[in-house]
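Worksheet: one structure, shown below.
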Amino acid sequence: MSVALNPIRVLVANRPRLMRDIVLATISDQPDIEIVGEVNDEQEMAKAVEDTHPDFVIVALRGGDKLPDVCYSILERHPQMRIIAIASDRASTLFCWTSLNIHSDRIETSEEGVLRALRGKPEMPRA
Amino acid sequence: MTIGDTINVYIISRNRLLRESLARIFKKQNDISILTGDALTSATLQEICDSGVDVVLIDSINALLEEAEKVRELRRTCPNLNLVVVCMEENEETFLRAVQLGVTGYVLKEASAMDVTAAVRTAARGEASCPPRLCHYLIEFVARQSDGLPTARMRELMNLTRREQLLIPLLARGLTNKEIAEKLNLSEQTVKNYVHRILRKTGVQDRLAAVEVCRTAGLNL
């Protein structure tokens, strides 16, 4: 498998563990995507962002479609970073935050949805 | 099921990402074949029965409990089928309700994909798996049962009249007195009296608790 020269750098930080494994299974075979880290909690996430400088962080969406609090401070410090938030308990919730308080519409939570979000495709399939 | 057999697994999840990725993870195992669906519909149940499925893996305990009647029907039709639930719910009573529905594999989402795979294989062998803490609760629950609810209370429960017993499943479904009255062609006041007597006989304060007492005592709800 050839590896892209400038792969998309992704930090996988979503919970629970099963959803993290699911996301890893979805993106780990992609030649243009590099998993720069995998963390289990929010404190680790903030540190890992500083250590690994990812292009994207994938997190779990909280109840009421909220991002984990730490994401807002990360976006403040790194406005160029993208955060993808995935709900594990619903059919169709995947948000892509592009900067503070600005985010894309809800799109379908699927392997294709995750990959399209990471590749910045504008024509993401809507739920 | 013997060593070397293929395990036919049916994944039910509303979350397409989970459905797709779990299917892909399972397909990498040489001994597992996969079908998927997004809900416990009648069509899904038919497909499960027709396809020789060994294990149904469902990612929502709520979906399972909401469709309890369909699940019971499924187990009656396919008695060798094994049910595995993957969920966030660590509540003991929810776990117990799942067990009473015939779930033999209970995996929390804090488990890894490998753990889920192992739970599927365990269920296919006709064995059970659940987190140790819930296993402990289950053992304690059974022990409490053999100690028995207070004997007098059990006797009272056995004294529920046929009509009172008929009301219990309707209470379990959350029907109001008015709805039960319409269903059984009774007056609302008569239903109220029945409910009052059921509460007295089961020794609890509310109708949901009465349902739980009856369920615990083995009434098929």
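In what follows, chains are A, B, ... by sequence order, proteins preceding strands, each numbered from 1.
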- request: Below 4.5 Å from any heavy atom of chain A, which atoms of A113(B) appear? Answer side chain, backbone, both or neither.
  value: both
- line: The interface call for S112(B) against chain A, heavy-atom contacts under 4.5 Å, is both
task: Please tell me if the side chains of E111(A) and L17(B) come closer than 4.5 Å, counting only heavy atoms from C-beta onward.
output: yes
- prompt: Near E93(B) CD, under 6.0 Å, is it more than 12 heavy atoms from other residues, nucleotides or ligands?
  reply: no
query: Looking at side-chain heavy atoms only, is the closest gap between L108(B) and R17(A) below 4.5 Å?
result: no
field: Gap separating the CE atom of M88(B) from the CG atom of L18(A), nearest 0.5 angstrom
entry: 10.0 Å
- prompt: Around E50(A), counting heavy atoms of other residues, nucleotides and ligands shown, do more than 12 lie under 6.0 Å from its CD?
  reply: yes
Residue V107(B) versus chain A: region with a heavy atom under 4.5 Å: neither
query: Measuring from D21(A):CG to I25(B):CD1, what's the distance to the nearest 0.5 Å?
result: 6.5 Å
message: Please check if the number of heavy atoms outside K192(B) that lie under 6.0 Å from its NZ is greater than 12.
response: no
Crowding at CG, D50(B) (>12 non-hydrogen neighbours, <6.0 Å): yes
field: Side chain, backbone, both or neither of R15(A) within contact of chain B (heavy atoms, under 4.5 Å)
entry: side chain
- prompt: Considering only heavy atoms from C-beta outward, does the side chain of V114(A) approach that of E20(B) to under 4.5 Å?
  reply: no
